**Q** 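I have a structure I would like to understand better, so I am pasting it below and will then ask my questions one at a time.
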Amino acid sequence: MNIVRSIFRNPPLLTLTLVVAVWVIASLTLRGFGNYGHLRYLLELASVIGIAAAGQTLVVLMGGIDLSVGAIITVTAILLPLISPAWDPTGLVGIALALVIATCIGLFNGAGAAFLRVPPIIMTLAMATFLQGLLVIVAGGSAVTVSNPAVILLGQSRPFGIPAGILLWAVVSIFVLVLIHRMPIGARFLAIGANPLAARLSGVSLTRNTLLLYSLSGLFAGIAGVLVLGMNRQGYVGIGDPYLLTSIAAVVLGGTSILGGRGTYAGTIPGAILLVTTTALITVVNASPGWRSIMFGGLILSLLLISGRETRR
Amino acid sequence: MTVISSSDRLYRAIQGRRNRGLGGLYLVVAAFVVLYAILFPGILSMGGFAKFTQNWFPLALVAMAQALMMLTGGISLAIGPLVSLGAVIAATTMGGSLGVVGGVAAVALTGLAIGAVTGVIVAHLRLPAIIVTLAGSFIVTGVALILLPRPGGFIPDWLSDALAGHTPTAFLLLGLILLMWKAFLATPLGLGIYAAGDNPVGAFRSGIPVERTKVVAFAVSGLLACLAGLFVAAQTGSGDPIIGTPFTLNSIAAAVLGGVGFLGGKGTMRGAICGSLLLSVMINVMFFLGFPPVAQYVAQGLIIVSAVAVPELIHAWRAKR
């Protein structure tokens, strides 16, 4: 009884328990679900959401929200093949350029929030709208195929039988967890999220941290974009759209308060896996697109009712 | 006597504060409308005016729906799907045994019901509105897709003519809805929306049923969004399960342009209406000047940011002096 209660009081653990429960039940009832290959595939899909949600977790912890994640993923996935220089056989220069662009977009978001005092939700929404228009003008609306060897390697290779995407996700996870829980800057983010005024009076620079935070969010969205491109081999307008809502949902499912100041990336990780598992189960049921959409929304809602509730006032 | 005069003074002070930021907006809107009338004199004829207000009307409705949500301290990401659902229900029911009256009732009831359910989840189960409406947008989209997988359905011609013909019915309807909003604001429940959004704890201690107020606000918001869908269906003569998608973003943009704040209790309906008018004029002007639709996205992004940033910067500049 005590164990049950402590699980319910610890959202990351609760989400992890849900994932394990769903995986065990689904493996016992559905043939092929519990295969090592299938579970590995689910994790590979979750890694994109997880990496995009890494930036989102940081932003939400600081009391903001980033609605431009999907647009930045699309920008990276479309621009990377176009700007990869032909003289570079490894393709790393192209990746670096694309990540710099993604980080700069994030920096612009931060600048808007910090200097122009535009609320983050509006700034990032406007940025997403702006990028959407710009992309169609730049790329002309057609899909671009990637030939950058480093990107393809990232999307297809399996060192020690583990997809490179999952390894990348593991690296990002460790980095973010250390950043939030073991570094002064993480403490500053949490302090700003909990009470911006108190944080500022204690000598925490709002401007600098906001700029840094949104740049990081842009960078992580960019990394997710590179990974998506590697897995799909093609970039097109709209490729990043699904990741906007799922990144926010993963953060909230992981027990991070949307109001800021409370939460951890350790909850977002099982949150992302849970989302992908849900989508996979819905696909198994073989329903029409309408019913699939209803089930997805309904499941997110019911999962939120279990794990995402704000405390009573 | 003294009580009345002091409450009168308080009312004036609050209205004055709410109006302060709007003066500039009224000027900008007026300038844009005049510019539009000079560029396209056709708007001054009866038919031109009717067509112009018909393009504006659904945007005004969703701006009101979004402003209502923002006044309670939330935000809705399900406005677009609700517009689609309203259009789909109108197009599937009006040809059947329910007829036009039944169809309108079905649309209105659906909007009220979905809004109320969302409100109950947000207010009583204490989930953030942005997440609930996010999940809700999937469910509503799904329902619309099941009811009408492909664009189609049927709207009687006379209804399309009446709502979206050559008479400015839409403008009159908008005036009517604004009057009803004014009457609603005069009731304790309507006043409670501002109070509950601005300071929920204070409102609760003053005896306002905060939860019930929120549920009502959500229900009315859902109703407005679905009615916008009904109008869009009448305009196009058929239903389309994804026709409402752009309205989510545009409703937020219009409300923000109109000076409605995100934290609840800040802003006015007249501001939101002006914001939607401004947005509608700008979209029309860009369309007629031959901008490609994608350039509209770019311009819209810039406009939204500057709409919020410019007043803030002016404020900061004044404070520094």
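The shown structure was predicted, so the numbers you read here are calculated from the model rather than taken from an experiment. Note that these values count all heavy atoms, side chains included, but never hydrogens, waters or copies made by symmetry. Just so we're on the same page: letters track the sequence lines, and every chain starts at 1.
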**Q** Could you tell me which residues satisfy side chain to side chain donor-acceptor pair (under 3.5 Å) with B:Ser221, sequence neighbours excluded, listed by chain and number?
**A**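 Not a single residue meets the side chain to side chain donor-acceptor pair (under 3.5 Å) criterion with B:Ser221.
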**Q** Answer with side chain, backbone, both or neither: which region of B:Leu77 has an atom nearer than 4.5 Å to a non-hydrogen atom of chain A?
**A**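 Neither part, no heavy atoms under 4.5 Å.
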**Q** Tell me whether the count of non-hydrogen atoms from other residues, nucleotides or ligands lying under 6.0 Å of CZ in A:Phe108 goes above 12.
**A**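 Open.
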**Q** Heavy-atom count around A:Leu206 CG within 6.0 Å, excluding the residue itself: above 12?
**A**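 More than 12 heavy atoms, drawn from other residues, nucleotides or ligands, come within 6.0 Å of this atom.
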**Q** Begin from the C-alpha positions of A:Phe130 and B:Leu302 and carry the test side chain to side chain contact (heavy atoms under 4.5 Å, CB included) through to its verdict.
**A** CA-CA 7 Å; A:Phe130 180 83; B:Leu302 293 175; 3.9 Å; yes
**Q** Just give me the residue among B:Ala253, B:Gly142, B:Pro149 that pairs up with chain A most often, heavy atom to heavy atom, under 4.5 Å.
**A**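 Counting heavy-atom pairs under 4.5 Å, the top option is B:Gly142.
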**Q** For the CD1 atom of B:Ile75 and the CD1 atom of A:Ile122, what is their distance to the nearest 0.5 Å?
**A**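 These two atoms lie 7.0 Å from each other.
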**Q** Output the distance between atom CD1 (B:Ile131) and atom CD1 (A:Ile300), rounded to the nearest 0.5 Å.
**A**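 It comes to 9.0 Å.
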**Q** Between A:Trp291 and B:Ile146, is there a side-chain heavy-atom distance shorter than 4.5 Å?
**A**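 With C-beta onward as the side chain, the pair touches.
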**Q** Can you tell me how far the CG atom of B:Leu145 sits from the CZ atom of A:Arg292, to the nearest 0.5 Å?
**A**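 Going from CG on B:Leu145 over to CZ on A:Arg292, the span is 10.5 Å.
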**Q** Quick one: are A:Ile65 and B:Ile130 in side-chain contact, heavy atoms under 4.5 Å?
**A**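 A side-chain contact under 4.5 Å exists here.
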**Q** Please check: side-chain N/O of A:Ser293 versus main-chain N/O of B:Ile139, any donor-acceptor pairing under 3.5 Å?
**A**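 Checked: no pair found.
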**Q** Under 4.5 Å from any heavy atom of chain B, what part of A:Leu299 do you find: side chain, backbone, both or neither?
**A**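 For A:Leu299, no heavy atom lies under 4.5 Å from chain B.
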**Q** With A:Leu301 as reference, evaluate B:Leu125, B:Leu134, B:Ile121, B:Thr118 under the side-chain contact (heavy atoms from CB on, under 4.5 Å) test and give the passing residue.
**A**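 Of all the options given, the one that passes is B:Ile121.
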**Q** Can you tell me which portion of B:Val143 sits under 4.5 Å from chain A's heavy atoms? Options are side chain, backbone, both or neither.
**A**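 Backbone plus side chain of B:Val143, per the 4.5 Å heavy-atom cut-off to chain A.
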